[in-house]
Amino acid sequence: MIIIKSERELEKMRVAGRLAARALRRVVSAVRPGVTTEELDEKAEQCINNAGGLPSFKGYRGFPATICASIDSEVVHGIPGSRQLKQGNILSVDVGAILGGFHGDNATSVAVGRVSEKASDLLRAGEAALWAGIEQAEPGNRLSDISHAVEACAREHGYSVVRDYAGHGIGRDMHEDPSIPNYGAPGRGPELQPGMVLAIEPMLNQGDYRVRTDDDGWTVRTMDGGLSVHFEHTVAVTESGPEVLTRCAGDEEE
Ligand code: MG
């Protein structure tokens with residue numbers, strides 16, 4: 001069942017979304033060659049704790065950290081640790097925060113120092129695919145219009161989309177109905193209505209769409225070893241169109 005949020009609940013979700021966005025921005029601003037993913041994780045956790053929130057992921061099914069940090073061919077759910085980022089890596093960071101009883105969830109992928117043209121192109125395509133999906137989060141559209149737009153954008157750029165993981169509804173629970181695949185025909189699934197809140201999160205692979213999970217039980221990586229990127233926003237469907245809840249005011253106090 002898809003839970004429709006009231007205006008009052010949406011207001012709380014804006015606050016949680018902004019916190020998740022701030023934590024992500026804090027991490028991104030610290031990305032550089034030599035930094036460890038554990039150090040990035042601490043920055044996110046501090047940011048969330050200082051605001052009186054809690055990390056959504058820490059303890060979720062036993063996940064040990066605040067962020068997921070996935071490097072190069074890692075798709076999602078990488079566990080932060082003592083690995084240092086190197087010039088030329090691409091890093092995907094996913095962070096969620098709960099505040100006032102609601103979750104915000106967002107992810108982005110960034111270059112570590114200078115990266116190859118191929119890596120830059122994949123990064124641009126991943127962000128474009130996210131926004132193509134967000135644009136479809138309009139009342140009256142069907143859920144799979146989002147899925148289809150994401151896949152079409154990825155294909156247009158020559159990339160595949162991961163099929164084993166999907167976006168999701170979000171609210172008092174981090175994962176609510178509906179599941180939002182990043183592929184498929186348009187015009188299917190429930191009709192989108194104001195008050196639905198969706199975490200839209202395409203994962204694009206340079207090569208084949210297939211992925212596998214490491215022995216750590218978490219880290220998901222491309223089967224063929226190609227690069228992968230992940231972008232996510234928490235988006236409310238409103239009368240006036242999609243509203244991205246996980247955005248940061250540029251000059252927001254940290
Ligand atoms: Mg998510």
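Ligands are counted one by one from 1 in listed order, and the atoms in each one are counted from 1 as well.
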Contacts of K5 meeting side-chain contact (heavy atoms from CB on, under 4.5 Å) (sequence neighbours excluded), chain-then-number -> I3, E9, L10, M13, E176, V197

Here the ring-ring contact (aromatic ring centres under 6.0 Å, His included) pairs for residues 15-44, sequence neighbours left out, are none

Tested for side chain to side chain contact (heavy atoms under 4.5 Å, CB included) against V220, the lone hit among D214, V75, D164 is V75

At a cut-off of 2.8 Å, protein N/O/S around the Mg ion (ligand 1) gives D105 OD2, H168 NE2, E201 OE2, E232 OE2

By ring-ring contact (aromatic ring centres under 6.0 Å, His included), H77 pairs with (sequence neighbours left out) Y165

* Asked: Between H175 and Y60, is the gap from one ring center to the other below 6.0 Å?
  -> yes

Open item on the list: Do the side chains of R8 and E11 get close enough for a salt bridge, i.e. N-O under 4.0 angstrom?
Closed with: no

